[in-house]
Amino acid sequence: MILKLFPKRPILLLAVSLLLPALAPAQSPTLVNGYEPKWWKEAVVYQVYPRSFQDSNGDGIGDLPGITSRLDYLQKLGINVIWLSPHYDSPNADNGYDIRDYRKVMAEFGTMADFDRLLAGIKQRHMRLIIDLVVNHTSDEHHWFAESRTAKDNPYRDYYIWREGKPNPAAPNGFDPPNNYPSFFSGSAWQFDPATKQFYLHLFAVKQPDLNWDNPKVREDVFSLMRFWLDKGVDGFRMDVIPLISKQPGLPDLTPEQMKNPSALWANGPHRDEYLQQMNREALSPYDTMTVGEAIGIDLAKEPNIIDDRRHELNMVFNFDAVRLNRDGRMWKDFTLPEIKAVYSAHAAALDKHSWDTVFLSNHDNPRLVSSFGDTSTNEFRIRSAKLIETMLLTLRGTPFIYQGDELGMTNYPFKTIEDFDDIEAKNAWKADVLTGKITAEAYLANLRRTGRDNSRTPMQWTNGPNCGFTAGAKAWLQPNPNCETINAAEETANHDSVYSYTQRAIALRHAHQALVYGDYTDLDPTHPQIYAYTRTLGNERFLIVLNYSSNPTTYTVPGGLKAGKLLLGNLPVLLKEENVGNLKLRPWESRIYTY
Ligand code: TEU
Ligand code: CA
């Protein structure tokens with residue numbers, strides 16, 4: 001058509017063909033059930049904790065070549081995106097969440113060439129990689145901080161948050177901290193630094209000083225390191241405690257009310273959204289990225305402020321309402337199925353089609369999925385409940401996240417003494433609470449065995465061989481779980497009825513049906529104490545998911561006269577007569593996905 005317009009003027013023709021698209025109004029994407037389709041909405045994400053995934057050189061510590069050697073395993077599982085917990089140079093005060101050099105790979109994990117090979121291997125297998133952006137704080141060994149602490153007029157002084165202490169002759173160093181902020185890892189959030197006789201803020205460990213994001217140079221340096229990795233071909237970021245970046249002006253003391261949940265204050269600073277919008281503009285928007293923020297302290301109702309796609313901040317966040325249903329502060333607490341269902345109903349109500357959700361019940365900061373939300377009283381129930389929970393995660397609304405080992409049904413570790421633990425959070429709390437007599441060692445350890453982060457950090461169980469096939473070396477950095485005797489990838493990848501093989505089928509089902517991604521969600525029976533029955537519908541694609549979240553059998557009548565149609569996937573072999581019926585005979589921990 002255009003050729004007819006300008007037969008004799010090729011240059012003009014070229015100019016017009018280049019200009020026209022720019023002139024034409026941006027094609028609004030074809031929405032799916034009101035959602036803008038995105039690869040990261042259709043993806044299943046797999047979190048790798050590199051220190052515990054696969055060792056390749058026998059030093060007992062997982063590494064990048066080890067992950068590369070297992071990419072076929074992940075591709076076969078069917079996952080689309082790998083979230084790599086921190087791989088950067090770090091003194092490992094908090095296992096990598098304390099970064100010394102953002103443009104260098106941790107020596108124990110390998111080289112930049114190893115990273116490039118890993119990224120290439122992931123792309124070759126049509127998967128993507130997001131890395132962990134830890135920029136609320138750095139390591140105290142990062143050169144910014146090494147400079148900053150030397151003198152009050154050092155050009156990097158204002159990269160961190162330094163304040164005068166309150167004179168108190170009775171206090172160590174003669175000063176009390178600037179305010180009453182507690183650290184997440186026990187004790188005060190302030191550390192006195194003798195060199196300049198001032199305190200610096202560290203909401204986490206002493207070796208994790210908080211960056212001062214109010215300093216535009218800090219923001220520019222962060223955006224520049226993000227661009228460094230995006231230029232390498234990384235597909236996005238999981239952002240560590242990102243809502244905490246905007247501190248309270250004047251840093252007044254917490255009130256007694258605020259002291260009960262400081263995150264609620266710290267996560268809602270005055271410049272948070274402005275800085276995330278600047279980050280999106282200057283570091284993310286030029287690339288096709290996926291971003292997920294770790295939103296501690298953000299109420300569900302406030303999440304759209306960060307994830308509504310019209311605000312150009314983050315794509316999604318981790319909300320902790322579900323995964324922390326079994327916690328009261330640090331203490332374990334029992335929970336019920338209606339409580340779980342209430343979380344997802346609240347999410348469905350609070351997040352409209354501009355605010356995409358995440359679905360997860362495990363990560364490197366929480367105990368093992370099947371031990372916390374399933375039933376490990378027998379091996380059979382461990383397998384069934386692990387499959388049931390994967391069914392739930394892969395059919396609820398939002399991008400599902402699988403943590404390494406969940407696909408095998410890995411369990412918590414039989415920790416005995418405090419020496420068995422590595423985690424700084426656990427060790428600091430032992431000093432702060434047990435050694436001061438606030439809580440007995442028995443009570444503390446009993447709780448930690450159920451809630452401790454190290455439960456998820458024990459090495460991946462590849463075989464039933466020495467060190468569970470995680471390392472050819474004599475000793476792993478953290479003891480592997482002896483139950484790799486029965487729970488290991490070698491056995492499960494060869495067994496059609498394993499948790500691995502079932503999870504593979506459930507992921508394939510999600511990929512095959514848009515309704516399980518973009519479909520409307522309806523909880524059919526929110527108050528039922530034992531059954532979780534819900535639908536996902538998109539046009540004439542209609543799915544009924546029924547989960548018997550209990551170790552007791554039951555006969556369940558699907559509400560509203562709804563008939564379960566064709567069975568697409570069950571975690572137990574199902575007799576034909578259990579299709580096209582309203583009454584379902586469900587065995588303990590049985591899950592079924594039907595059309596209807
Ligand atoms: O976690 C923040 C966070 O939510 C945890 O500290 C959590 O409160 C606690 O561990 C529950 O037991 C992020 C990282 O995921 C975590 O691994 C780091 O330790 C922390 O930030 C500091 O970077
Ligand atoms: Ca190694």
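In each ligand, atom 1 is the first atom listed, and ligand 1 is the first ligand listed.
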Identify the protein heavy atom lying closest to [atom], giving its residue, its atom name and the separation to 0.1 Å.
atom                    : answer
atom 20 (C) of ligand 1 : Phe204 CE2, 3.7 Å
atom 23 (O) of ligand 1 : Asp240 OD2, 2.7 Å
atom 3 (C) of ligand 1  : Glu294 OE2, 3.5 Å
atom 12 (O) of ligand 1 : Glu425 OE1, 3.0 Å
atom 5 (C) of ligand 1  : Asp365 OD2, 3.9 Å
atom 11 (C) of ligand 1 : Arg324 NH1, 3.5 Å

What I want to check is whether the side chains of [X] and [Y] have a donor and an acceptor closer together than 3.5 Å.
X      : Y      : value
Ser362 : Asp406 : yes
Trp477 : Thr471 : no
Asn488 : Thr463 : no
Asp55  : Asn467 : no
Thr399 : Trp40  : no
Thr417 : Glu419 : yes
Arg157 : Gln198 : yes
Arg311 : Asn280 : no

Using a 4.0 Å cutoff against the non-hydrogen atoms of [X], which atoms of ligand 1 qualify?
X      : answer
Ile296 : 4 (O)
Asp94  : 18 (C), 19 (O), 20 (C), 22 (C), 23 (O)
Val241 : 2 (C), 21 (O)
His364 : 14 (C), 15 (O), 16 (C), 17 (O)

Part of [X] within contact of ligand 1 (heavy atoms, under 4.0 Å):
X      : value
Arg327 : neither
Phe185 : side chain
Met239 : neither

So is [X] in contact with ligand 1, going by heavy-atom distances below 4.0 Å?
X      : answer
Phe184 : no
Arg330 : no
His137 : yes

Heavy atoms of the protein only: does one fall short of 4.0 Å from atom 7 (C) of ligand 1? no

Please confirm whether Trp462 and Tyr73 have ring centers closer than 6.0 angstrom.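 Under 6.0 Å, so yes.
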
Measure from the ring center of Phe360 to the ring center of Trp83 and say whether it is less than 6.0 Å. no

Restricting to ring pair (Phe, Tyr, Trp, His ring centres under 6.0 Å), what partner residues turn up for Phe199, sequence neighbours left out?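 Only Phe192 meet the ring pair (Phe, Tyr, Trp, His ring centres under 6.0 Å) criterion with Phe199.
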
Suppose the criterion is salt bridge (charged side-chain N to carboxylate O under 4.0 Å, His left out): which pairs have a residue in residues 466-482, not counting sequence neighbours?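 Not a single pair qualifies under salt bridge (charged side-chain N to carboxylate O under 4.0 Å, His left out).
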
Please list all pairs passing the salt bridge (charged side-chain N to carboxylate O under 4.0 Å, His left out) test where one or both residues lie in residues 90-114, with sequence neighbours left out.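 Applying salt bridge (charged side-chain N to carboxylate O under 4.0 Å, His left out) to every pair that reaches into residues 90-114, excluding sequence neighbours, yields Arg51-Glu108, Asp89-Arg100, Asp94-Arg453, Arg100-Glu141, Asp114-Arg117.
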
Under 3.0 Å from the Ca ion (ligand 2), which protein N, O or S atoms do you find? Ignore water molecules.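 Correct list: Asp55 OD1, Asn57 OD1, Asp59 OD1, Ile61 O, Asp63 OD2.
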
Candidate pair His142 and Tyr102, rule ring-ring contact (aromatic ring centres under 6.0 Å, His included), full reasoning: CA-CA 9 Å; His142 190 290; Tyr102 289 98; 5.6 Å; yes

